[in-house]
Protein chains: 2
Amino acid sequence: MRGKESRAPGGTAPEGYDKYAFEPFAVTVDLAVLTVRAGALQVLLVERGQEPYAGRWALPGGFVLPHESAEAAARRELAEETGLSDLSGLHLEQLRTYSEPDRDPRMRVVSVAFAALLPDPPEPRGGGDAAQAQWLRFNALGPLAFDHDRILADAHERVGAKLEYTCLATSFCPPRFTLGELQQVYETVWGTALDRPNFRRKVLATPGFVEQVPGAARLTGGRGKPAALYRAGDAKALHPPLLRPSSEGRP
Amino acid sequence: MRGKESRAPGGTAPEGYDKYAFEPFAVTVDLAVLTVRAGALQVLLVERGQEPYAGRWALPGGFVLPHESAEAAARRELAEETGLSDLSGLHLEQLRTYSEPDRDPRMRVVSVAFAALLPDPPEPRGGGDAAQAQWLRFNALGPLAFDHDRILADAHERVGAKLEYTCLATSFCPPRFTLGELQQVYETVWGTALDRPNFRRKVLATPGFVEQVPGAARLTGGRGKPAALYRAGDAKALHPPLLRPSSEGRP
DNA sequence: CTGACTATGGTCAGTACGACTATAAAGGGG
DNA sequence: CCCCTTTATAGTCGTACTGACCATAGTCAG
């Protein structure tokens with residue numbers, strides 16, 4: 001549009017658009033909310049109570065309201081779904097838009113998908129007018145409703161790729177974290193094991209990725225030598241990137 | 001939506017949606033069509049004939065029809081705009097969706113933006129019911145209509161980044177090309193000069209990036225030693241990536 | 001005290017990359 | 001026809017990065 005108003009389907013609208021000269025679309029957002037918990041990649045899902053796909057798991061989401069952008073709708077839905085009032089430290093990123101005409105059997109729905117990363121996963125709040133949201137392990141998910149399998153796969157791929165060349169991994173971590181926790185984020189998302197000394201060397205050699213918390217604070221959680229605490233630096237990109245092993249060697 | 005039908009704005013629609021229980025959105029596509037021509041990055045633009053932004057350049061695009069996906073709409077609009085019947089060798093990639101409520105002063109328009117790369121730029125066809133599309137140099141563009149400056153900047157950034165770790169550059173080249181042409185794609189999009197022997201070594205060392213045309217075909221265009229011809233290989237990703245110089249050294 | 005466990009520090013060789021020099025093959029101008 | 005410009009291609013060399021290791025330090029469970 002905009003280059004050629006006359007192309008509006010259903011009629012010509014030379015000056016202002018005729019609001020109903022074209023088929024209206026419902027615009028929604030779908031959220032792939034990821035976290036690393038208990039050493040596994042987990043996703044926030046809701047159980048559908050109605051047809052179609054009753055009983056199946058689906059990504060949380062909802063309609064975009066007339067006065068808000070898709071980003072605002074995503075933040076609002078996420079707050080409602082998780083009950084998380086403070087969305088600081090949240091990474092929310094637009095994935096892509098899914099617009100196949102038959103993706104919702106009831107009507108034409110165009111959905112803008114987002115990937116969101118949470119550091120410390122709060123239990124989804126119970127109070128709500130709809131099905132309860134729950135964290136489920138990314139592996140061993142049955143088929144989801146609609147095209148949500150594809151959305152989730154795209155989100156996983158995107159996050160995995162961005163770990164390589166951005167500092168995104170810190171978005172999975174609490175404000176203070178150890179390098180072991182950071183490494184576990186990489187290993188969990190990528191599904192591979194990394195060499196610990198090499199990972200450490202690489203992260204510390206990247207200026208602005210992490211910075212050590214000055215007051216020699218140390219986390220004593222379980223056994224083993226206590227680890228130094230770090231917080232996220234101000235860098236956004238990783239140069240050179242931290243490539244995942246699976247994508248490098250090709251014997 | 002889909003997790004909680006009751007959240008449809010404007011009313012509850014327990015089973016099927018009430019088609020007009022929510023504010024309808026117009027859904028459009030906007031195309032950032034890029035090519036490398038005459039040693040410069042060029043963009044396909046149309047001149048607006050009507051308010052708002054009359055006389056300004058805008059990205060080509062149009063409404064998504066009720067029965068087609070955004071991708072299909074993008075292909076259709078591109079064919080109409082360029083008159084290019086064969087869209088083989090075309091790279092079309094969804095960029096992101098722009099949904100700010102006030103991005104079009106007339107009404108609520110949600111636009112799915114695409115980046116398209118053309119190898120050999122055909123002159124845009126004259127026949128059409130709207131303003132003529134033209135190739136303009138990416139530099140020295142005045143402000144575009146709507147938020148199209150931002151869309152174009154995002155497209156440029158995305159393409160520049162994907163040159164680093166994918167084989168996308170071949171999408172800017174004709175079916176047979178020399179390594180010099182391929183290098184010029186990188187230099188034009190990135191706006192930097194590259195060392196020729198090093199570029200050559202890197203490209204040839206990446207398996208599946210390009211493969212030499214067997215029948216010692218050589219292009220004799222201008223002066224200098226004739227160059228060997230190559231075609232795109234079957235690889236999609238570059239490992240390790242070909243990083244642009246600007247993003248590496250940071251003195 | 002001992003052993004398991006984790007964090008941290010270091011070595012070493014293979015590889016990739018930037019900067020650079022050299023050679024080959026064409027056309028143009030005298 | 002010779003020389004010079006132009007472009008393609010080949011190779012060299014030192015530095016930086018990386019993967020695969022080995023070694024040490026600090027804490028907890030028994």
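Computation of the quantities below employed the complete heavy-atom set of this structure, encompassing side-chain atoms and omitting hydrogens, waters and symmetry-equivalent molecules. Lettering follows sequence order; numbering is per chain, from 1.
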Listed by chain and number, what are the salt bridge (charged side-chain N to carboxylate O under 4.0 Å, His left out) partners of A/Arg158, not counting sequence neighbours?
A/Glu93
With nearest nucleotide decided by heavy atoms, which residue, B/Lys202 or A/Tyr230, maps closer to the 5′ end of DNA chain C?
A/Tyr230
Tell me every residue that passes side chain to side chain donor-acceptor pair (under 3.5 Å) with B/Arg96, counting only those two or more places apart in sequence or in another chain.
A/Glu71
Residues that B/Thr170 engages under side chain to side chain donor-acceptor pair (under 3.5 Å), provided they are two or more places apart:
none
If the condition is side chain to side chain donor-acceptor pair (under 3.5 Å), which residues does B/Gln42 pass it with, not counting sequence neighbours?
B/Arg37
Centroid-to-centroid, B/Phe177 to B/Tyr230, below 6.0 Å?
no
Any residue meeting salt bridge (charged side-chain N to carboxylate O under 4.0 Å, His left out) with A/Glu187, in chain and number order, not counting sequence neighbours
none
Think B/Arg200 has a side-chain N or O under 4.0 angstrom from the OP1 or OP2 of D/dA8?
no
Scan nucleotides 3-6 of chain C against the protein and return all N/O pairs shorter than 3.5 Å with their distances rounded to 0.1 Å.
| unit_1 | atom_1 | unit_2 | atom_2 | d |
| --- | --- | --- | --- | --- |
| C/dT6 | O2 | A/Lys225 | N | 3.3 |

So the salt bridge (Lys or Arg N to Asp or Glu O under 4.0 Å) pairs with at least one residue in residues 229-241 of chain A (sequence neighbours excluded) are A/Glu211-A/Arg231
B/Asp195 meets the side chain to side chain donor-acceptor pair (under 3.5 Å) criterion, sequence neighbours left out, with B/Asn198
List every contact pair, protein side and nucleotides 20-22 of chain D side both N or O, where the distance is under 3.5 Å.
| unit_1 | atom_1 | unit_2 | atom_2 | d |
| --- | --- | --- | --- | --- |
| D/dA20 | N7 | A/Asn198 | ND2 | 2.9 |
| D/dA20 | N6 | A/Asn198 | OD1 | 3.2 |
| D/dA20 | N6 | A/Arg201 | NH2 | 3.2 |

